[in-house]
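Input: a single structure, listed below in structure tokens.
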Amino acid sequence: MRATLKIAEFIMAAKPPAAARQRAATALCDTVGVILAGASEAAAKIIRRTVVAENHGNCRVLGTAVRASAADAALANGVAAHAHDYDDMCFVSMAHPSCALVPSILAAGEITGASGSAVLDAYIAGFEVECCLGLVMNPRHYHERGWHCTSSIGTLGAAAAAARLLGLDAPSIVHTLGIAASLACGLKENMGSMVKPLHAGMAARNGVMAARLAKAGFIASEQSLDGPQGYLAAMDSQKPPSALADAATDLGSRWEILDSGIAVKLYPSCAATHPPLDALLGLKRRHNIAADDIAGIDVEADSMTPRLLIHPRPSTPLEAKFSMPFCAAAAIVFGHPTLETFHMEKIGDPRIQKLLPLVTLRANRDFDAAAHLSQANVTVRLKDGRTVQERADGARGYPGRLTDDELSTKLLACAERSLTHTAALQALDVLRAIETRSDISDLTQLCSTVSESQGVLERDFIERKS
């Protein structure tokens with residue numbers, strides 16, 4: 001129990017430094033944007049019409065006029081956050097952290113009337129717990145065994161964040177983590193389908209539910225994480241369950257959110273495509289390359305990348321996000337990939353179809369020694385006999401590289417898919433000063449300022465389904 005209690009005490013009492021709060025505020029801003037962008041996607045709509053319709057409540061589903069229970073709002077916002085695969089990444093937990101953490105803190109924050117600073121501290125607590133688990137469990141848990149860490153680890157992070165906002169004491173947080181451990185799941189085989197964003201929604205929902213159950217007195221085993229048949233053993237952790245004690249001791253003495261950070265996505269596709277895309281777009285710009293000039297595009301990346309980019313000939317937008325041939329072809333034909341790039345008509349574009357068989361992807365094990373999904377080498381062979389090449393070390397949105405302008409531009413482009421232009425600008429202003437806000441509901445209310453006609457249609461549909 002000592003390791004889990006140490007984690008619980010950290011969740012309850014951690015005092016993050018100002019720089020950590022700044023990183024968390026960036027993650028919150030980015031994730032609110034991708035939630036608003038994803039609210040109109042099919043997966044998000046199905047969730048609202050089948051699950052959220054069954055339970056009304058006081059927590060807002062962003063980008064809509066719908067209110068739901070805390071758990072269901074977290075579910076709906078989590079699915080929307082991950083619907084475009086445009087949300088951030090952590091290369092320690094190997095999860096998309098914010099698509100579960102942010103819906104969890106928004107829901108828990110609304111029901112508790114939490115301040116912006118409290119919400120940021122809860123985010124950091126959840127993020128650090130995820131990294132603590134990731135250091136023990138990966139790479140085997142993610143790389144070799146097929147678990148999708150966004151859900152399998154993210155559920156515990158979301159639970160930690162919710163428990164912090166609900167004001168639980170350390171013993172109750174131990175039970176929260178135990179409940180969450182039995183709710184955690186998520187299979188990588190479902191990447192490229194609607195189930196992948198469902199993983200994020202379920203992690204957020206189950207995290208909130210675990211904290212609320214523990215607050216009400218629900219009891220779990222105190223050895224749920226590191227017991228002989230506990231979470232780490234069952235999920236085939238890289239290190240033995242006993243290693244959790246050493247990892248937990250590190251909590252609060254350093255901050256993973258500052259050391260390794262959060263990678264914000266500037267393209268709405270799998271993170272494994274981003275270093276190659278940066279390199280390819282740089283080559284296109286410098287050498288004025290057009291689609292008809294290309295004889296071949298060869299991409300080398302670490303050995304994890306081919307396990308993620310499993311759709312060489314995508315037939316759906318979700319598959320296209322996990323296709324190096326499509327992403328490379330789209331970068332050449334359309335330029336910087338945007339949300340609109342991953343539409344069916346773009347997949348079927350004859351120029352794209354002509355380029356797909358010219359793109360190859362292979363693993364270069366020399367890249368495995370570096371951080372996961374950071375190294376890539378792109379070689380473009382041209383019909384005139386020239387060969388041009390570029391190496392990428394990380395991507396533009398990786399920690400320390402993202403600019404304020406890039407973040408604001410992404411937020412507004414995403415938000416205006418659900419909000420009015422005025423509301424999107426107001427939301428950006430609130431997010432820029434989130435640490436000073438006395439109530440997180442200021443933000444969620446702004447992010448529910450949909451057009452009147454859209455709000456009426458959404459409410460009517462939900463009411464008919466319920």
Side-chain angles (χ1 to χ4, degrees), residues 4 7-8 11 31 35 43-44 46-48 50-52 54-55 57 59 61 68-83 87 93 95-112 122-123 125-127 129-130 133-134 137 141 147-166 168 172-188 190 194-221 224-225 230-232 234-235:
T4 307
I7 294 171
I11 293 166
T31 308
I35 291 173
I46 292 170
I47 289 293
R48 294 198 299 273
T50 56
V51 178
V52 176
E54 299 170 0
N55 297 291
C59 293
V61 177
S69 67
D72 284 345
L75 169 67
N77 287 328
V79 171
H82 203 44
D87 49 305
S93 65
H96 294 260
S98 298
C99 61
L101 287 173
V102 169
S104 172
I105 61 175
L106 291 180
E110 278 201 289
I111 62 175
T112 59
Y123 176 97
F127 181 88
V129 168
E130 290 190 27
L133 293 170
M137 299 170 73
H141 173 73
W147 291 106
H148 186 206
C149 297
T150 298
S151 185
S152 60
I153 292 178
T155 300
L156 278 84
R164 168 91 178 207
L165 285 170
L166 290 175
L168 301 189
S172 295
I173 296 175
V174 169
H175 295 306
T176 297
L177 296 174
I179 297 165
S182 275
L183 298 174
C185 194
L187 304 176
K188 281 165 62 181
N190 273 313
M194 284 186 182
V195 181
K196 187 169 187 278
L198 180 63
H199 289 167
M202 292 302 294
R205 181 184 191 275
N206 289 340
V208 170
M209 182 171 70
R212 297 191 77 188
L213 286 172
K215 185 176 178 67
F218 213 87
I219 302 299
S221 166
S224 295
L225 296 188
Y231 171 83
L232 295 175
M235 291 198 164

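The basis for the numbers below is simple: all heavy atoms, side chains too, and nothing from hydrogens, waters or symmetry mates.
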E130 and its side-chain contact (heavy atoms from CB on, under 4.5 Å) partner, picked from T155, I153, L156: I153
Any side-chain donor near an acceptor of the partner, S152 and H141, under 3.5 Å: yes
Flag for Y123-S98: side-chain donor and acceptor within less than 3.5 Å: yes
Minimum side-chain heavy-atom gap V102-N77 below 4.5 Å: no
Heavy atoms only: give me the nearest [X]-[Y] pair and the separation to one decimal.
| X | Y | value |
| --- | --- | --- |
| A158 | A203 | CB-O, 3.5 Å |
| A211 | L168 | O-CD1, 3.7 Å |
| N206 | L183 | ND2-O, 3.5 Å |
| I105 | A161 | CG2-CB, 3.6 Å |
| K215 | L166 | NZ-O, 3.4 Å |
| A163 | I173 | CB-CG1, 4.0 Å |

Would you give the length of the straight line joining atom [atom1] of [X] to atom [atom2] of [Y], rounded to the nearest 0.5 angstrom?
| X | Y | atom1 | atom2 | value |
| --- | --- | --- | --- | --- |
| H82 | L198 | NE2 | CG | 10.5 Å |
| D87 | L101 | CG | CG | 11.0 Å |
| C149 | K188 | SG | NZ | 7.5 Å |
| L213 | I179 | CG | CD1 | 5.0 Å |
| S93 | M137 | OG | CE | 10.5 Å |

Would you say [X]'s side chain and [Y]'s backbone share a donor-acceptor pair under 3.5 angstrom?
| X | Y | value |
| --- | --- | --- |
| H175 | I219 | no |
| H148 | K196 | no |
| T112 | A108 | yes |
| T150 | H96 | yes |

Check against side chain to side chain contact (heavy atoms under 4.5 Å, CB included), I47 and L75: CA-CA 8 Å; I47 289 293; L75 169 67; 3.9 Å; yes
Derivation and outcome, side chain to side chain contact (heavy atoms under 4.5 Å, CB included), residues I11 and T176: CA-CA 11 Å; I11 293 166; T176 297; over 6 Å; no
Audit row: F218, M209, side chain to side chain contact (heavy atoms under 4.5 Å, CB included) steps and yes/no: CA-CA 11 Å; F218 213 87; M209 182 171 70; over 6 Å; no
Worked check of side chain to side chain contact (heavy atoms under 4.5 Å, CB included) between I111 and C59: CA-CA 7 Å; I111 62 175; C59 293; 3.4 Å; yes
